[in-house]
Every structure is written in C-alpha cells, then in structure tokens.
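These numbers come from the heavy atoms of this one structure, side chains and all, not from hydrogens, waters or symmetry mates. Chain letters run A, B, ... following the sequence lines, proteins first, then strands; residues in each count from 1.
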Amino acid sequence: MLDKSYEAAAVEPRIYDAWEKAGAFKAGAGAKTGAETYTIVIPPPNVTGSLHIGHALNNTLQDILVRFNRMKGKDVLWQPGMDHAGIATQMVVERQMMERQEPDRHVIGREKFVEKVWSWKAESGGLIINQLKRLGFSCDWSRERFTMDEGLSRAVVKVFVELYRKGLIYKDKRLVNWDPKLRTAISDVEVLQVETKGHLWHFKYPIEGEPGRLITVATTRPETMLGDTGVAVNPNDERYKDLVGKHVILPLVGRRIRIVADDYADPETGSGAVKITPAHDFNDFEVGRRHDLPMINILDTEAKIVLRPNPDFVKGVPYSVEIEDTINALNGLDRFAARKLVVDMLVERGLVEKIEEHVHAVPHGDRGGVAIEPFLTEQWYVDAKTLARPAIASVREGRTVFVPQSWEKTYFEWMENIQPWCVSRQLWWGHQIPAWYGPDEKVFVASSEEEARAEARTHYGRDVALSRDEDVLDTWFSSALWPFSTLGWPDKTPELALYYPTNALVTGFDIIFYWVARMMMMSLHFMGKEPFRDVYMHALVRDEKGAKMSKSKGNVIDPLELVDEYGADALRFTLAAMAAQGRDIKLSTNRVEGYRNFATKLWNAARFAEHYECQAVEGFDPATATETLNRWIATEASRATREVTEAIEAYRFNEAAAAAYRFVWNLTCDWYLELTKPVLAGEDGAAKDETRATVAWLMGRIVALLHPFMPFITEELWPRFGGRKLLALSAWPQPGFEDEAAAAEINWLVGAISEIRSVRSEMNVPASAMVPLSVSGASELTRARLATHDVVLRRLARIESVGIGAESLKGAVQLHVGEATFSLPLGSVIDLTAERARLTKELDRVAKEIAKIDAKLTNAQFLAKAPAEVVDEQMERRAEAVALREKMDAGLRRLAAS
RNA sequence: GGGCGGUUAGCUCAGUUGGUAGAGCGCCACGUUUACACCGUGGAUGUCGGGAGUUCGAGCCUCUCACCGCCCACCA
C-alpha cells in the first residue's frame, strides 16, 4: 500500500543508497559493451564550497542529460571532482588559524602550512559532495578527482614544462594586477571594474627654469604623483609645443621629470597634459617605455608608500619640500591615507587648481574585494594568443557549438583580444611552479628537481645549489586541464581513449573566460581534439533585483532548505522548468511549491492505479488495445514521449519539463484517469482488464519520462509498474503507436464534456443536479460516439439521460458541439435573462471572428499571396463560425418566443 | 565608449521556421465525484514598453526612442 502522501525526506536517502549500492552511476553502468559513450565532466566545485542555487541548477541540468542518456543505453560517464581553489582555500585556513589564535602562516612556514591545508581538506573540505548527492546527482563518485591529487598534479607539471619548452610559457617583468590584500598577482579575468564615486584632482606642476609658469595635470589617484617620471602632451597641441623636452620639478619630491610628446595625451581631455607614472598605471607604463622614462615603484606589496631618497632630487626649489620631509610624512602610509595627505600638502602650497566630482571604474580584485594596484613585478605568463588561435577556429568551424549560439560572439570577442595570461600566484596552496634557479638566477624548468639539477649540471658544468620558484599556479591553470586530466592524462588510460572528447559541457556564462576558453585552449593543444562538442550556457540564478546571489549581500536562497521543505525532486523540476535559454532566473518558492504539488499528483495517480488494481501485464502492447480510450492515451503518450525526448536533445529543458507536466496532469490525471473510472468500476471484464493493463503501462511510461527530472519519486514508484531493475538503468521510452481516429474521438468527448460543464456553471446549475440532455442534428459518427461514451459523458457532465432527437428542445439552453446541437432543458432552473446574455455574448464573439476572417478573405492580396493551406484554413474556420452563428440566432429567437 | 539581453495577464515567466496570445501562482464562484483539498469544476484579466517600417498578415523581422539589467574597455 502506498502511503497517503509522499514523504520525500524519508524516501530520498533510501533511494540514493540503492543507486549507489547497485553501482548505477558507475561509468558504463547498464550499457552493453561497445555502446556509444556519453561524457560530461562536472564543473568542479571549490573544495571550500557549499551548495548554492547555482550548483543546484547547473548539476540538475547535467543530471537530466546524464540520466536521459544512460536510459538510452549509452555508456555514460559523469566525471565528478573538486577544485583546490587556491586563494579561497588559503583564506579559509588562515582565517581558521586566526580564530584559533594560532601563529600565522609566516611563522610556521610553508611546509607546515600546506600540511594544515591538507588536514583541513580531510576534515572539513568537500562537504559539497554530500550536498550534491542530496539532490540526486548521478556522478560516478568512484572516479572523483581533485585538482591537487597526484595524477592531476602530474598533468599540471607536464603541461607547464611542455609549454615552457615551446616558448608558450615565459617569465616577464611588467605591470600586473596586484591584489594588496592577498598580496599576490591576479589575472585580468579576476579583475572587476567597479563604478566608484571619486574625484578628479587638477594639480599644477612648476616648469623648470621658467619661474611662475605651471602646467596643469589631472589625476584620480593623487598619491601616484610621487612616482611620476614624466608629463605627456600631444605632439600637435600648440599650447605646449614649446615645453616638449623641457622639465618639470615634481612638487613635494623635487624630481626633475621630462615633458614628452605622445599621442596618448588627448588635447580635448582636461588640460591636455597628463602626468606619467609608469610603475603604477598600465597606460603610463606604455608611454614610459616609448620615451624611456624611469619606472619608480612607490608602493610595497601591501600598497603602502615606500619612497626612497635619491641624490638626483633637486633641493630647495619653489613649491617643494625637502624630500626627507616628504618621506617622513608619507612612508608607511596606506595608499588611501597617502592620497589625502598628498592632496593636503599640495593644497597648502597652492598647487591644486580644482577638485571635481568624478565617477569612474576602479578595478577591484574578484576574491579580495579591494582595489587592485598595477604593480611592477616579474611573473609567469602563458602565451594565450597563440593557444587561442585553434580554439577560435574550433568554434568558428562548428566543431564545438555554443548553446545558445549567441555566446559565441562573446567568446570570439574575448579570444580575439586575449592578453597574456598571468599564471603565477604568490600563495602557498596550489601547484608550485616547477622552476628552479641557479646562482645567477638562470632558470631551469623541469618535471622534477632531479631533472632540473641535471640540466643545471650540464649548464654550469658542476653541481650547484638550486632554489625552487616560490610561486604557485593560478587555480584555473589546473582547471583548464580538467576534461583530460581527470581521465588519466598524461597516462594513456582506457578511460581517456573511451570518454574523451566529452559530449557536453554545462556551465554558467560567468566562467566562460575563466574556464571554458582555457579548457578549449589547453585541450586542443595537448589532446588535439576539442574537449566537448556542445557547450550549454545556462542562466545565472539571481535575486529579485537581478543581482548575483552572494553571501555578502545576504540574498542567497539555500537549495538545501528547499530540499528539506519540498523535496529534491520538486526543486530539480522547478529549476528545469525555469531553465529557458535566457540569461537569468529569478527563483521563487511558489514555483517550487507548485512542483512539489506535481509530485504529489503523480503519487496520487499511482495510488489510483493501486486502488483499481492496475498491474503491469508482461509484454503488454497498447497497440493491441481495442478500447478507444486506451488507444487514445497511448497515442498521447507517444506524442508526449517525442516532445520530451526532442526537447532534452535540444537542451530545451523547460519545454521538456512542460511537456511532461502537461501530459501527466492535464491529460492523464484530468481526463484519462477520470474517463477510466466507469470502466474500472464496471462489469465488462475484458475492457476492465485491458484498461488496467493500460493504466499500469501508462504509469510506467510516465515515471520513466519524468525520471531525469524527478529521479527519487519515479524510482520509488517504478517497481509498481513492472520495473524489475532500477529505473535509473531502465530503457528510455520510444514513441510508437498512434491512432488518429481514437485521438479525434476522445478529443470530441472531452470537448463535449467541457462545453456542458461550462454552460452548467454559467447557468448556475448546482453540481448536484442531474440534467437531461437532448442532441439534435447529430451525424452518424456523433451518434455512435454518444452511444459508446454514454456512461462516461453522463458521469462527468452530470447528465441524467441522453436523448437523440430531430429538433432541439424549446426553452432549453443550447450549445454546439461540432455539427450537433446539445440542448439542456434546465426548466425552472434556467434564468432566461442570463441565458439571453450568455448567447448574446457568444454571438458577439463569433461575429467578431467572422468579421476578422472576412477582412482577410476579401483582401485580394491575401488570397493572392498567402499559402493555399492558410487560405483554406480561414475558409473552413469561417464556415464553422457562420454555422455556429446561425444556430445561435435560432436559439435566441426560440428563447424570445418562449 | 563597445557588446549582449530584457520590457507579454495582479506576480514570476514561457512563446525557434511571421498565420486564431499561454503556464504556474494569485483572484472570483461552485464543490456532485472515496487517487488526490499539496484537490476538482468553471470564470475574469493582456493597445505583447512607445513610435515607424517590411509583409496579404508582426509578440515574433527591420529601424528608432524610452526604461531596466549584465558583460567588456587604457581615457588622465
């Protein structure tokens, strides 16, 4: 006996356990040998992560694809794993150490710290895996990988060394995006532009040798003036022509800096003269390079001022202070404090022309959340431009396809303007760069220290002490290898041969640059084949304002709370139903509740089957059914199967969900099960048996169609409808038998019942009242149908008796079903005024429709240009409407007479 | 500054080859029917953001305007 209601919380863990025990998620489970493969690699969640709604959506869609393909008999691998998340993890562990008042990492040293991170991972990392299981995701957990595990680390080293040897990885000294909070370099994609209200300060710099002459420059970052080494003006700017080549004495500092002519200076902007700080601004860096200006770094790694005295500073010039005083005032100050003070000092000397309000984009570190600092350091770079070339071609030539396709434009835009990828990070947690330095800083990149030593020996002709590069690699460096490193590369494993390339990548568009593009680059270079055929980009789940959900904003919806309240199936179905190929999803608990109700509806349909003893009949084929009703639902089931299948294959998850929902609720429950009741409760043994078998067959089909969306409840019900092995490993339904005539007949019946119900309700006929029905003008077919479905029609439309007559009854309510007129003599119940109003309203509607069609049909252009079938359709519709109008006219006349 | 998306029923959103505007929730009325009140039956509600154009025909195509959002970008 099924419980009165479905208790997701009790069922879900049990079912998941059964799947795992049966090894249902193992690669190739349930597939015949040699079956076509289907592979998805999971976007690896951070080891520090906990499940948020984005994971829920992302993995629900993958699980739908995976379960669907597994049921189709393919050899499926859903490869799971986690990302070591360099910065995030290091931050978590450092925070924990601080809370426990333990000595910080610099005190205990690198080795001890890394050990601590590993033990943190063992204890509290990877909680997300269990959370993923709660949603029913069918990854092959036996193959779980971690970006820092031995195999993947080997892949990372091999990739680094090979790219280095090909010149595709190199070391360079240039400006990087520096995060002063985390004290590490970060890559371009980790920089977010944040609109910030600030000021534009206009400073006046004195010209050397021309007492009283000043040149105005503007800046949003006054403190950087301490590092100015030039002033640029446009070569065509008449105002400053005579100044080019002359010098400015930098206030506060006393540095002699050159005035250079450079196109970078825009005469239209500000004064047309611009200060140049090559060590702290990307543009200025370029200008400085062009004019060979010195690069003076005035900040330390925490972005505090470090000014060094220099014999070149000019002393005792107007507006200046002695450099020692400036150093005393500013050194050690945070950049923002220094900003204030520099302005104050310049104001004091009358060198501030004006201060304007100014809104501009300030680059911020994605992780650290503070303004990044362009900072002059030596870092490792990947030549992304070279690697991008084949990755662009793959998409251009359709070997990898983005869904929706519009994302290709974004991909191309970025890939074609790609910059060198800074991959070194000044952290301890991550893959340490396999580079060793000799006494003269000569670098040896090798797979191991031994190898590096051997190379050094060859180079120096003797053994020397080597020191290893302290830096680790960007986490995304190892993520970029994910589609092949997880399959065993660089070893030639059977899995690699079998499951690479993968079929689909399902991911949010927010990591298209971080991850998708880089996997394309690395996979093409090392595997020679695209890592995936389709890239499905789903929406981001946002809050009601369209903002990204984040902990700091406090606008997160916890998917696990929704699971607790409504069940995993309900949440999954909701996410699938909302996953239209758009850009964002705003999740509402109302929807989840609605789909929880859907699960309950399904449950109750199963209870219906149980109640009427509908058991699966071995080998039952609905094509052999003789009852029209059963032939009809089999037809509809075939159609629904086709719809759901095609929608999933086209990544139209919402359409697949909607088709399944409609079929289950609006066809099966609303009509089919209701229509079977008289049969199931009746005396006709043969019809009853066939219908029972059909109900059971239908429920089996429904449960199978819903399984990718709602795996738990469907697996729970499956054994009741003939499933012997787990539903997760059973066959996906095929569309098949369809009977148009049966479909037409039942659709007519459904229409007739609906019409009668509608009129009854509008005429305020009490539901309890049984009413006689008289039918006139019925064709042979209609008469036959009336006879066949007599019992059902009377039951569902609350009809006492059905009479067939030549004429419609007087003083009765008229309605029109096809060619026939149905009369309901409502006698005293009927309100003549109400009936007249009803008919008039209907008539009005019909008249309008006729007018609309006539407008088309009298239009010569329409007749000439519209396709014949459209014209025919309009003519048919008009004929029907006109017939209806005549009948209604007659009805109204009769009403007036009575 | 460039690019992309959105604007459809009170709310949240569907609507792919241009051919009678849909769903869920909410709302109103009524509940005969032992699968289901997490339900059933019926009902109301839309100048499909504004304007122009293409077309026999536009929610859908083109242009334009308005507002909202996102991404990218070196303007001091």
Side-chain angles (χ1 to χ4, degrees), chain A residues 2 4-6 193 200 202 217-221 232 264-266 268-277 281-286 358 360-361 374 406-407 409-410 413-414 417 509-510 512-513 540 542 544-548 566 570 574 577-578 580-588 590-591 593-612 650 652 654-655 658 661-662 666 669-670 673-674 677 754 757-762 764-770 795-796 798 849 852-853 855-856 859-867 869-871 873-874 877:
Chain A
L2 290 171
K4 180 134 170 67
S5 62
Y6 173 68
Q193 301 294 334
L200 194 56
H202 297 256
V217 294
T219 182
T220 54
R221 303 200 46 200
Y264 169 66
D266 176 3
E268 306 297 315
T269 305
S271 67
V274 55
K275 66 193 260 318
I276 301 298
T277 319
D281 182 282
F282 288 99
N283 290 311
D284 293 4
F285 181 78
E286 295 302 324
H358 185 66
H360 60 139
S406 54
W407 285 108
K409 190 164 180 162
T410 306
E413 185 63 29
W414 189 70
N417 297 296
F509 60 81
D510 52 330
I512 185 169
F513 307 138
L540 243 46
R542 297 176 186 277
E544 62 280 354
K545 289 176 201 154
K548 244 168 137 168
Y566 302 107
T574 307
M578 296 182 79
Q581 292 178 2
R583 292 234 171 178
D584 50 10
I585 290 180
K586 290 183 216 157
L587 188 64
S588 79
N590 270 349
R591 286 293 285 270
E593 191 180 333
Y595 292 118
R596 186 272 320 267
N597 295 353
F598 177 59
T600 307
K601 190 74 178 174
L602 176 67
W603 186 256
N604 281 311
R607 293 183 67 226
F608 174 99
E610 182 178 64
H611 182 258
Y612 288 104
R652 291 201 283 263
N654 60 319
E655 286 182 20
Y661 183 98
R662 276 196 305 270
N666 303 120
C669 293
D670 286 354
L673 296 185
E674 290 302 327
K677 280 179 181 172
S754 299
R757 281 172 169 174
S758 174
V759 168
R760 286 179 58 116
S761 177
E762 275 183 58
N764 292 317
V765 180
S768 55
M770 300 292 277
R795 177 179 174 135
L796 295 190
R798 308 290 299 153
E849 196 188 332
K852 214 165 137 187
I853 296 169
K856 286 187 191 175
N859 183 335
Q861 297 281 4
F862 174 76
L863 295 174
K865 295 187 179 170
E869 62 264 28
V870 173
V871 177
E873 196 195 326
Q874 294 295 319
R877 203 180 296 158

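- Residue contacts shown for A/Tyr661 are limited to sugar-phosphate atoms, with no base heavy atom under 4.0 Å away.
- As rounded to whole Å, 7 Å separates atom P of B/G57 from atom CG of A/Asn859.
- Of the candidates B/C71, B/A35, B/A73, the closest approach to any side-chain atom of A/Phe513 belongs to B/C71.
- Under the salt bridge (charged side-chain N to carboxylate O under 4.0 Å, His left out) criterion, A/Lys856 pairs with no residue at all, not counting sequence neighbours.
- When the C1' atom is used for both B/U17 and B/C61, the distance is 12 Å, rounded to whole Å.
- Using a 4.0 Å heavy-atom cutoff across all strands shown, A/Lys409 reaches sugar-phosphate atoms only and no base atom.
- With P as the reference atom, B/C60 and B/U7 are 11 Å apart, rounded to whole Å.
- Taking every heavy atom of both residues into account, A/Ala769 and A/Arg760 meet most closely at O-NH2, 2.8 Å.
- Between B/G59 and B/A9, the distance separating the two P atoms is 15 Å to the nearest Å.
- The two atoms that bring A/Gly272 and A/Ala265 nearest to each other are O-CB, 3.7 Å, heavy atoms only.
- The separation of B/A58 from B/G42, taken at their C1' atoms, amounts to 34 Å, rounded to a whole angstrom.
- The aromatic rings of A/Tyr595 and A/Tyr661 stand perpendicular to each other, their planes meeting at an angle above 60°, with 30° marking the opposite boundary.
- Distance, A/Asp281 CG to B/C75 P: 10 Å, rounded to whole Å.
- Using bins of under 30°, 30° to 60° and over 60° for the plane-to-plane angle, the ring pair A/His360/A/His358 lands in the tilted bin.
- Among the protein residues, A/Asp266 comes within range of the nucleic acid bases, having at least one heavy atom under 4.0 Å from a base atom.
- RNA chain B forms stems at B:1-7 with B:66-72, B:10-13 with B:22-25, B:27-31 with B:39-43, B:49-53 with B:61-65, each a run of 3 or more consecutive Watson-Crick or G-U wobble pairs whose two key distances fall under 3.5 Å.
- Between the C1' atom of B/G31 and the CG atom of A/Asn764 lies a distance of 13 Å, rounded to the nearest Å.
- Atom P of nucleotide B/U33 and atom CE of A/Met770 are separated by 11 Å, given to the nearest angstrom.
- Separating the CG atom of A/Asn590 from the P atom of B/G26 is a distance of 7 Å, rounded to the nearest angstrom.
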Detail all sub-3.5 Å separations between protein N/O atoms and N/O atoms belonging to nucleotides 37-44 of chain B.
| residue | atom | partner | partner atom | Å |
| --- | --- | --- | --- | --- |
| B/C38 | O4' | A/Asn597 | OD1 | 3.3 |
| B/C38 | O2 | A/Arg596 | NE | 2.6 |
| B/C38 | O2 | A/Asn597 | OD1 | 3.2 |
| B/C38 | O2 | A/Thr600 | OG1 | 2.7 |
| B/C39 | OP1 | A/Asn597 | ND2 | 3.1 |
| B/C39 | O3' | A/Lys601 | NZ | 3.1 |
| B/G40 | OP1 | A/Lys601 | NZ | 3.1 |
| B/G40 | OP1 | A/Trp665 | NE1 | 2.7 |
| B/G42 | O2' | A/Ser761 | OG | 3.0 |
| B/G43 | OP1 | A/Ser758 | OG | 3.4 |

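- Contact annotation for A/Ala265: base contact, defined as any heavy-atom pair under 4.0 Å involving a base atom.
- Comparing B/A35, B/U16, B/C56 by their nearest atom to the side chain of A/Arg652 picks out B/U16.
- When heavy atoms are screened at a 4.0 angstrom cut-off, A/Glu286 is found touching no nucleic acid atom at all.
- Look at A/His611 and you won't find any side-chain N or O under 4.0 angstrom from OP1 or OP2 of B/C36.
- Here the closest heavy-atom approach between residue A/Gln874 and residue A/Ile853 is recorded as O-CG2, 3.5 Å.
- Mapping A/Glu873 and A/Arg795 onto RNA chain B via the closest heavy atom, the residue that lands nearer the 5' end is A/Glu873.
- The pair A/Arg607-A/Glu610 does not meet the salt-bridge criterion, since no charged nitrogen lies less than 4.0 angstrom from a carboxylate oxygen.
- The residue A/His358 sits close only to the backbone: its heavy atoms come under 4.0 Å of sugar-phosphate atoms, none of a base.
- Checking the phosphate oxygens (OP1, OP2) of B/G24, no side-chain nitrogen or oxygen of A/Tyr595 falls inside 4.0 Å.
- The CG atom of A/Asn283 sits 8 Å away from the P atom of B/C74 (whole-angstrom rounding).
- When the salt bridge (charged side-chain N to carboxylate O under 4.0 Å, His left out) test is applied to A/Glu849, no partner is found at least two apart in sequence or on another chain.
- Among the nucleotides B/G15, B/C56, B/A35, the one closest to the side chain of A/Asn654 is B/G15.
- For B/U47 and B/U55, the P atoms lie 28 Å apart once the distance is rounded to whole Å.
- For A/Glu413, there are no salt bridge (charged side-chain N to carboxylate O under 4.0 Å, His left out) partners, not counting sequence neighbours.
- In this structure, of B/C36, B/C56, B/U32, it is B/C56 that holds the atom nearest to the side chain of A/Gln861.
- Without hydrogens or angle criteria, A/Ser761 side chain to A/Arg757 main chain gives no donor-acceptor distance under 3.5 Å.
- The CG atom of A/Asp281 lies 8.0 Å from the CD1 atom of A/Ile276; values are rounded to the nearest 0.5 Å.
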Take A/Val870 and A/Phe862, measure what side chain to side chain contact (heavy atoms under 4.5 Å, CB included) needs, and give me the verdict at the end.
-> CA-CA 10 Å; A/Val870 173; A/Phe862 174 76; 4.1 Å; yes
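- The line from OG1 of A/Thr410 to CD1 of A/Ile512 is 5.5 Å long, rounded to the nearest 0.5 Å.
- Rounded to the nearest Å, the gap between the C1' atom of B/C13 and that of B/C75 is 41 Å.
- One atom, CD of A/Gln193, and another, C1' of B/G1, lie 13 Å apart when rounded to the nearest Å.
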Atom pairs, N/O to N/O, protein against nucleotides 8-13 of chain B, distance under 3.5 Å?
| residue | atom | partner | partner atom | Å |
| --- | --- | --- | --- | --- |
| B/C13 | OP2 | A/Lys586 | NZ | 3.3 |

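- Nucleotides B/C71 and B/C65 are separated by 24 Å at their P atoms, to the nearest Å.
- Residue A/Arg877 is in base contact, counting any heavy-atom pair closer than 4.0 Å across all strands shown.
- Taking OG1 of A/Thr600 as the reference point, atom OH of A/Tyr566 lies at 11.5 Å (rounded to 0.5 Å).
- Atoms CG (A/Leu796) and P (B/U33) sit 14 Å apart, rounded to a whole Å.
- Checking B/A76, B/U16, B/A14 against every side-chain atom of A/Thr220, the shortest atom distance belongs to B/A76.
- Taking atom P in both B/U33 and B/U41, one finds a spacing of 15 Å when rounded to whole Å.
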